[in-house]
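Worksheet for the structure shown next.
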There are 2 protein chains.
Amino acid sequence: MSPRNAVETKARLLAAARDVIRAKGYSATTVDDICAGAGVTKGGFFHHFAGKEQLGIAAAEHFDDMAAAIFAAAAYRGLPDPRDRVLGYVDFRAAMFAGEIPQYTCLLGTMVQEVYDTHPAIAAACDRAMSNHVRELARDIAAAKEKYAADAAWSPDSLGYHMQAVLQGAFILAKAKHDPTVAKESLAHLRRYIESLFPVPPLSREQNTHPG
Amino acid sequence: MSPRNAVETKARLLAAARDVIRAKGYSATTVDDICAGAGVTKGGFFHHFAGKEQLGIAAAEHFDDMAAAIFAAAAYRGLPDPRDRVLGYVDFRAAMFAGEIPQYTCLLGTMVQEVYDTHPAIAAACDRAMSNHVRELARDIAAAKEKYAADAAWSPDSLGYHMQAVLQGAFILAKAKHDPTVAKESLAHLRRYIESLFPVPPLSREQNTHPG
DNA sequence: AATTACATACCAACTAGTCGGTATATTTGA
DNA sequence: TCAAATATACCGACTAGTTGGTATGTAATT
């Protein structure tokens, strides 16, 4: 809360944008909403951002950075087998479905749904952020595929995007029902699918848990 | 375009709402937008709807009715085997990913994403419409499950919702990329999953295509 | 004649963005 | 070292335009 700290004020504005937009959507959130959430006046807002659209772009990039940090630090990332890391990602996301809806839903999907046609610059920022996330995920997917399903026809990227699709759709279900139960069941289906894509050889399971 | 036809005017307003909201989102579409799309003035709009929120609710119900008619008339509905009908549904939806984005995306998912917290009545209408759709779908799923995977742990409803989740997520991917390619690949993953859920006995396939 | 189905004109509230001003840092100059 | 000068960070009132909604009028239908 220290005043006259530009980086911190900007961070508060971005955090407020992240929370308010996830709760009300991009179009319905006013810059006054964000100012109130950040404890800044309009003058301060427009000192840091050229306009509402610029804030949307910056919020998408900020969200990507935050997400990257969270997933990089998650425990499942330390698992030796890439198959376990991919499944661990799904479990990690499933465990997030708790508390208030705006806290676990995705700013990128919420924004791009509304503005894909009216604000192409925001849509492009959301695409970049989502693709960054998929790229990280696809590294583990590619490693697991090489180990357990080298000849399969699908690409690691397509599975990474499919996982994002299930997540985004699960968020919509949770919003429609004001309840994450059905959304979590959808993630359970996704997990079962991924398990089936990477069949574990019954006898050599112990050996396969070794890295490499 | 015949004037003084109340039902047709209301239908034009609902059609305009369906198209404009899918293109711009609920919050960003003004009632003037809808009036312009329907060729009606504001007085006419407020004669038919008590307010913008009432229109949103009616649009959700209208969308459900329209979708029900489309899927009831689709060719795959005539297939004798329920497994083929479930897979036929996925193929039917995949084939829809063509043309302009607002023409194949889902009004319900678009709206509920924005208004789940600010307009609970609209969110409830979207939930009802989506659940109606899933209920129809789950009838075929239940029949296929009884025939091919009677002992499986998942419920027909949960798979129906999972299929909707993949579709809703695929729409978001298509919007982010302004391209349906990745979205269609996600549906291909969904199809592969459903195939694996209903394993066809290798020798008795001919017999199994008989109804009953 | 009465009701329905619209059109037109209008309003109060709200919205993104502007603008002049002020308080705090930071740099400069002696 | 310490002002003076300048740049940065932020405030809050204001504006031009937009928005959902209303009040009133009028032509067609019953």
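Here is the naming used below: chain letters follow the sequence lines, and residue numbers restart at 1 for every chain.
One can place CG of A:L55 at 16 Å from P of C:dT15, the figure rounded to the nearest angstrom. The interatomic distance linking B:N5 (CG) with C:dC6 (P) rounds to 7 Å, in whole Å. One atom, CG of B:D32, and another, P of D:dG17, lie 17 Å apart when rounded to the nearest Å. In this structure, B:F49 places its CZ atom 14 Å from C1' of C:dA5, rounding to the nearest Å. Atom CD1 of B:I34 is separated from atom P of D:dT18 by 18 Å (rounded to the nearest Å). When the P atom of C:dA16 is taken as reference, atom CD of A:Q54 falls 15 Å away, rounded to whole Å. As rounded to whole Å, 16 Å separates atom C1' of D:dT19 from atom CD of B:E53. As a whole-Å value, the separation of A:E8 CD from C:dA25 C1' is 16 Å.
The aromatic rings of B:H178 and A:Y116 sit tilted relative to each other, their planes meeting at an angle between 30° and 60°. Classification of the B:F71-B:F92 ring pair by plane angle, with boundaries at 30° and 60°, yields perpendicular. Ring planes of B:H189 and A:Y193: perpendicular class, angle over 60° (limits at 30 and 60°). The aromatic rings of B:Y76 and B:Y89 stand perpendicular to each other, their planes meeting at an angle above 60°, with 30° marking the opposite boundary.
If you check C:dA16, C:dT4, D:dA9 against the side chain of A:T30, the one that comes closest is C:dA16. The side chain of A:H48 sits closest to D:dC10 out of D:dC10, C:dA5, C:dG17. Picking from D:dC11, D:dG20, C:dT8 the nucleotide with the shortest atom distance to the side chain of A:T41 gives D:dC11. Taking every side-chain heavy atom of B:K52 into account, D:dG21 is the closest of D:dC11, D:dG21, C:dG17. Checking C:dC6, D:dG20, C:dA16 against every side-chain atom of A:F46, the shortest atom distance belongs to C:dA16.
Rounded to the nearest 0.5 Å, atoms CD (A:E185) and NE2 (B:H162) are 11.5 Å apart.
Across all strands shown, A:S27 has no heavy atoms under 4.0 Å from either base or sugar-phosphate atoms.
In terms of phosphate contacts, B:H47 brings no side-chain nitrogen or oxygen within less than 4.0 Å of OP1 or OP2 of C:dC6.
If you check distances only, the side chain of B:K42 does reach the base of D:dG20 with a donor-acceptor pair under 3.5 Å.
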